[in-house]
Number of protein chains: 2
Amino acid sequence: MSPKVSKEHKEQRRANILNAAKDVFIEHGYEHTTMKHIMDAANVSRGGLYQYFLNKEDVFETILEEDLQLNLNELEEVLREKVHSHWDLLLETIYGEERQPNDDMNSLAPSKLEFFITGRNDKRRREFGKARYYNGLKLYSAIIEQGQQKGEFCTKFDSDIIARSIIAFIDGLAFDHSILPKEDLKMKQQSALFRDYLKTILGVE
Amino acid sequence: MSPKVSKEHKEQRRANILNAAKDVFIEHGYEHTTMKHIMDAANVSRGGLYQYFLNKEDVFETILEEDLQLNLNELEEVLREKVHSHWDLLLETIYGEERQPNDDMNSLAPSKLEFFITGRNDKRRREFGKARYYNGLKLYSAIIEQGQQKGEFCTKFDSDIIARSIIAFIDGLAFDHSILPKEDLKMKQQSALFRDYLKTILGVE
DNA sequence: CATTATAACGACATTAATGTCGTTTATCAA
DNA sequence: TTGATAAACGACATTAATGTCGTTATAATG
């Protein structure tokens, strides 16, 4: 419909495709969506789509990059020490991720798990996943460590290990949620128990 | 090679196929293995393979059924109350699952995650996953509840919720392990921390 | 040994997804 | 207005996996 650029129109189109693609990934999951699905959802032709992205992997990674950026921004804020209660910040950060599978639930989370687990034999994909893991780890770890330094948390356990546990638990919940409907999962009670766990090992209250 | 039955030879062949298939699934993961892979690994022709199984899903589910049976047996034992220390039993049970991804690592665990998460939009597959989830839940829950009844564990928390958390943690670790190599995951330290937590909420020692 | 039932085989038709490429067409600039 | 540019298009060749089916060959049986 629109030949010979215009720069922001081009970026607009790209953004449209990404939005449509995200919906498709949420609906069908990573492995089961095809470029055709994305083409249809975005009202773009085969050739058009391939103008903007190399392949499905490229589309998905681009979508993932976005919220990676969000995390990095959060980390920034933490390191700048503009924080009142590290406990609240920690919960908020956890909830930010957990909300996706938890809430009204049309999140990309299960597709993310899919993306990484089906790609675990691919070097490139593994690197990508590893980078994301360490990104999250750094975020949680930084919050905990700073909370410890300020004396808000006890130092009985290593912040790195606690952070890893948090990640494992979130990933596990996301996975279980992809199998079980919300009613069956008792997510809230699990979250409460987990919060309790964190309180205990962080010595909060 | 062998026409006109012989019953146990037939079962033997079937078992061979399943063994070979399991190796293939471990190597390539669920989504990326094809019937061709299985055929080659099991030294069976296309027609031969389809004589025994309907499709890939059928093969994989059959493999899964096996260790489901193992779990059920364990549950039996618990319910028959032939248990000395419920704490030891609990650890052993957790470890039995965790060992797979943990140890020398050639386990089916990541493929299981794959199988269920990529099939989350399929009714049949979801039912299957749900059944397995509740099977595991029943197992852990029974151990904990009985431990509580015998006074070995405190009753501060609901056995059902604790069991769910255990499952979430195990699934999360399995997932993270499929991204990160063993050296990077610090699995042992995470497990130790989790064990510590279980001790706390179960009032052990 | 001859017969028969059937396990095992592998070619084949089918389906579906992928990425490419030559063509068309709308916009921008002169 | 017009010509150059490149976005958008969709047909196409390619690749790969699936499940079927008619044929082959062999182990059990009498």
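Order of the sequence lines fixes the chain letters, A, B, ..., with proteins taken first and strands second; residue numbering starts at 1 for each chain.
Between the P atom of C/dA16 and the NE2 atom of A/His28 lies a distance of 14 Å, rounded to the nearest Å. When the C1' atom of D/dC9 is taken as reference, atom OH of A/Tyr52 falls 13 Å away, rounded to whole Å. Atoms CZ (B/Phe53) and C1' (C/dA7) sit 15 Å apart, rounded to a whole Å. When the P atom of C/dG19 is taken as reference, atom CG of A/Leu49 falls 10 Å away, rounded to whole Å. In this entry the distance linking CE of A/Met35 with P of D/dT15 reads 19 Å, nearest Å. The nearest whole Å value for the distance from the CD atom in B/Glu57 to the P atom in D/dA17 is 18 Å. In this entry the distance linking CG of A/Asn43 with C1' of D/dG10 reads 15 Å, nearest Å. In this structure, the CG atom of A/Asp58 is 13 Å from the C1' atom of C/dG19, given to the nearest Å.
Note: A/Phe169 and A/Phe194 have parallel aromatic rings, judged against thresholds of 30 and 60 degrees for the angle between ring planes. Between A/Tyr30 and A/Phe115, the ring-plane angle classifies as perpendicular under the 30° and 60° cut-offs.
For C/dA8, the OP1/OP2 oxygens have no side-chain nitrogen or oxygen of B/Gln51 closer than 4.0 Å. Between A/Tyr50 and D/dA7 there is no side-chain polar atom (N or O) within less than 4.0 angstrom of OP1 or OP2.
Both A/Gly47 and A/Thr33 sit near DNA chain C, but only A/Thr33 has its closest nucleotide nearer the 5' end. Of the two residues contacting DNA chain D, namely A/Lys10 and A/Arg46, the nearest-nucleotide position lying further toward the 5' end is that of A/Lys10.
In this model, no donor atom of one side chain and acceptor atom of the other lie less than 3.5 Å apart for A/Thr118 and B/Glu31.
Under the side chain to side chain donor-acceptor pair (under 3.5 Å) rule, B/Asn16 has a single partner from B/Gln12, B/Arg13, B/Arg14, which is B/Gln12.
Counting only heavy atoms from C-beta on, A/Ser45 has its side chain closest to D/dG10 among D/dT18, D/dG10, C/dA17.
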